[in-house]
Amino acid sequence: MTTIPYIIADSKIPYLKGVLEPYARIDYLPPEQIDARAVRDADILLIRTRTKCNRALLDKSRCRYIATATIGYDHIDTDYCREQGIEWINCPGCNAASVGQYILSSLLAWSKSSRKPLRQCTIGIVGVGHVGRIVARYARLLGMRVLLNDPPREEAESAAEFTPLEEVCHEADIITFHTPLTRGGKYPTFHLADARFFDSLAKAPLLINTARGEVIETEALKYALKQQQISAVILDCWENEPHIDKELLSQALIATPHIAGYSADGKSTATRMIVEAVGRWIGLHIPTQGITPPTPAQPLIDLAGVSTPLQKAVWDTYNPFDDDLRLRKSPETFEMQRGLYPLRREFGAYRIREASESDRPVLEKLGFTLE
C-alpha cells in the first residue's frame, strides 16, 4: 500500500500493542464494539472468533484485508469476502499444541476418576488436522490404540490410515472431536454427533469436544448422558456460546469456557502469524521476534518421590479443574473468563528435575526439558 493503512484490532489479541504502530494507524476495540460503524474506514481488520465478518459488518467498509488470530474461520463469510475482493487469512496450527496439552491433561483426569489405565483404551480422533495429529502422537506415547477418522483426508490420501466413523463408534473408549465447523459440502460437521451417532455407540465412551460447539447436538448429548450411551463428557466448546446450557454444564465431567487453545504460546504464535501476514499485504517486513510470552511463575517441576510423575508434570503446566471450577461458579461470565484468561505455558516452557529413567523418554517427547 502507498498510504498508511488504518487497522481496527480486537483489543483481546495478546502481545500486539506496540508492534504495528510504526507501520500503521491502529485502534484497539473490544470485540463487542467492532461493528459496521467502527470498521467503516478501516483498511485491515485483526479479529478473533467473536467478530462476525459478513455483509452486515463490511457492506459500507473500505476493508480489504482480514486476519483472524484463530485456527477456525467459520466466523468469516468467505463467499461474501470473495465477491467483494476482501482477502482474509487464518492461523492454522497456531494453538494445536495448546489443545493437545488440554486433551492430555483431561485424559489423565478422566483416567484417574474412572480408574481406567489409558494404555488399555482405544481413542477415536475425529478430525486429523494440526490438532488431531498432536493428540494422536500424545495418545501413542501413552500406549493407547489410536483410530483416525477424517473423510476429507481419507479421500485425498490413503484409506489405509483412516477408520470409518461407524468403526470408531463401535471400538472407541474415548472419542475426541477436532473438526472444523462446516454446514455444507460433502462432509458437513454441523451436528455430526446427533441422536443417530449416540445410538451407534457400543462402549459408552468418554466424549471430548474442543472443536466447535455446534459439532455436537446439545439435546442429543444430554439425552445420551441420561441414557448412559456415553460414560462422561469433557466440553470446552458449546452451542450458543457464551450462553451455554446450564443443564449440560452440570452433567459434564470437565467444563471449560472455550479456552483449550488459550496457552500463551499459542496466542503469541497466532499474533506473530497475523503480523507477518499484514506485513506481506502492505509490502513491509515487520519484526516479530519480540512477540513472546512471559516465563511461567514456577518453571521447575520436581518429580522426586512422586507416585504419578506424568500426571504431576502435566498438571503442573495445566490443570483443567481450575478452569472448570471458575466456569461452574460463574457461567454467566463465560466471555469475561476468556478475555481475562490467566497465563498458561506449554510443556516446553518447563524444566523437570528427578525424572526416572522409565519416565524420561515420554516427558522428553512431550517437550519438557529434563535436568
Side-chain angles (χ1 to χ4, degrees), residues 98-126 134-136 138-147 168-169 171-178 193 198 201-211 213 216 218 221-238 244-260 262 301 303 305-331 337 344 347 359 362-363 366:
S98 176
V99 180
Q101 178 190 39
Y102 177 99
I103 294 290
L104 179 55
S105 180
S106 298
L107 286 175
L108 291 167
W110 173 79
S111 177
K112 181 180 179 181
S113 67
S114 65
R115 299 183 180 180
K116 292 183 180 179
L118 291 173
R119 66 181 177 275
Q120 296 177 10
C121 293
T122 295
I123 185 169
I125 300 172
V126 182
I134 287 178
V135 173
Y138 288 177
R140 291 186 178 114
L141 282 175
L142 300 182
M144 302 175 72
R145 178 186 176 216
V146 176
L147 303 178
V168 170
C169 290
E171 297 286 335
D173 303 287
I174 302 159
I175 300 176
T176 180
F177 289 95
H178 303 289
F198 291 115
L201 298 175
K203 299 174 74 172
L206 163 70
L207 201 72
I208 306 174
N209 187 14
T210 57
I216 299 178
T218 298
L221 173 57
K222 291 193 294 184
Y223 184 77
L225 281 163
K226 291 173 182 175
Q227 296 300 116
Q228 299 183 338
Q229 292 174 306
I230 58 175
S231 59
V233 64
I234 295 172
L235 288 176
D236 182 56
C237 300
W238 310 71
I244 64 175
D245 189 295
K246 304 294 179 58
E247 182 184 7
L248 183 55
L249 172 63
S250 70
Q251 292 175 309
L253 173 65
I254 296 174
T256 53
H258 204 152
I259 47 70
Y262 266 37
I301 300 171
L303 298 183
V306 174
S307 59
T308 54
L310 179 61
Q311 179 183 296
K312 161 75 173 170
V314 171
W315 281 10
D316 273 15
T317 72
Y318 175 65
N319 187 331
F321 288 112
D322 295 336
D323 290 328
D324 174 273
L325 181 61
R326 281 191 289 268
L327 184 60
R328 290 185 197 275
K329 280 186 172 180
S330 181
Q337 291 178 48
R344 173 175 139 214
F347 302 138
D359 292 323
V362 170
L363 292 168
L366 287 174

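Small disclaimer: the values here were computed from a predicted structure and weren't measured.
- By the 4.5 Å heavy-atom criterion applied to side chains, F198 and L225 are not counted as neighbours.
- Here the side chains of T218 and W238 are not in contact, with every heavy-atom distance at 4.5 Å or above.
- L327 contributes atom CG, which lies 5.5 Å from atom CD of Q337 (distance to the nearest 0.5 angstrom).
- Partners of E171 according to the side-chain hydrogen bond (donor to acceptor under 3.5 Å, both in side chains) rule, which considers only residues two or more places apart in sequence or in another chain, are R145.
- Among residue pairs with one or both ends in residues 314-326, those qualifying as salt bridge (charged side-chain N to carboxylate O under 4.0 Å, His left out) are K312-D316, D323-R326, D324-R328; sequence neighbours excluded.
- V99 is not listed as a side-chain neighbour of D236, based on a closest heavy-atom distance of 4.5 Å or more.
- F347 pairs by the ring-ring contact (aromatic ring centres under 6.0 Å, His included) definition with F368, not counting sequence neighbours.
- Taking Q227 as the reference, Y223, Q229 meet the side-chain contact (heavy atoms from CB on, under 4.5 Å) condition, with sequence neighbours excluded.
- Counting heavy atoms from C-beta on, the side chains of L366 and L104 come closer than 4.5 Å.
- Judged by distance alone, with hydrogens and angles left aside, the side-chain atoms of S98 form a donor-acceptor pair with the main-chain N or O of A260 at under 3.5 Å.
- The heavy-atom pair separating A211 from C237 by the smallest distance is O-SG, 3.3 Å.
- The side-chain contact (heavy atoms from CB on, under 4.5 Å) check on P205 picks up I175, L201, I230, with sequence neighbours excluded.
- In this structure, the side chains of I208 and W110 stay at 4.5 Å or more apart for every pair of heavy atoms.
- Contact check for T256 versus T210: no side-chain heavy atoms found under the 4.5 Å cut-off.
- Residues Y102 and I234 form a side-chain contact, since some pair of their non-hydrogen atoms from C-beta on lies under 4.5 Å apart.
- Under the side-chain hydrogen bond (donor to acceptor under 3.5 Å, both in side chains) criterion, W315 pairs with S105, not counting sequence neighbours.
- The salt bridge (Lys or Arg N to Asp or Glu O under 4.0 Å) search around D359 returns none, not counting sequence neighbours.
- Shown here are the side-chain contact (heavy atoms from CB on, under 4.5 Å) partners of S111, two or more places apart in sequence or in another chain: L118.
- From L206, atom CG reaches atom OG1 of T176 across 8.0 Å, with rounding to the nearest 0.5 Å.
- Side chains of L221 and N209 form no contact here, defined as non-hydrogen atoms less than 4.5 Å apart.
- Taking both residues in full, the closest heavy atoms of A313 and I301 are given as O-CD1, 3.6 Å, listed atom of the first, atom of the second, then distance.
- For S106, there are no side-chain hydrogen bond (donor to acceptor under 3.5 Å, both in side chains) partners two or more places apart in sequence or in a different chain.
- Summarising the geometry, atom CE belonging to M144 is positioned 5.5 Å from atom CG belonging to L107; distances are rounded to the nearest 0.5 Å.
- With sequence neighbours left out, the side-chain hydrogen bond (donor to acceptor under 3.5 Å, both in side chains) criterion links S231 to no other residue.
- Here the closest non-hydrogen pair linking F321 and L253 is CE2-O, 4.0 Å.
- Between T317 and R344 the shortest heavy-atom distance is O-CG, 4.2 Å.
- Here K226 pairs with E247, Q251 under the side-chain contact (heavy atoms from CB on, under 4.5 Å) rule; sequence neighbours left out.
- Heavy-atom minimum distance, A252 versus A255: CB-CB, 4.1 Å.
- Applying the salt bridge (charged side-chain N to carboxylate O under 4.0 Å, His left out) test to residues at least two apart or on different chains, none of the pairs has a partner in residues 106-125.
- For the residue pair L108 and Q311, the shortest heavy atom distance occurs at CD1-CA, 4.0 Å.
- We find the CG-CD1 distance between L147 and I174 to be 11.0 Å, quoted to the nearest 0.5 Å.
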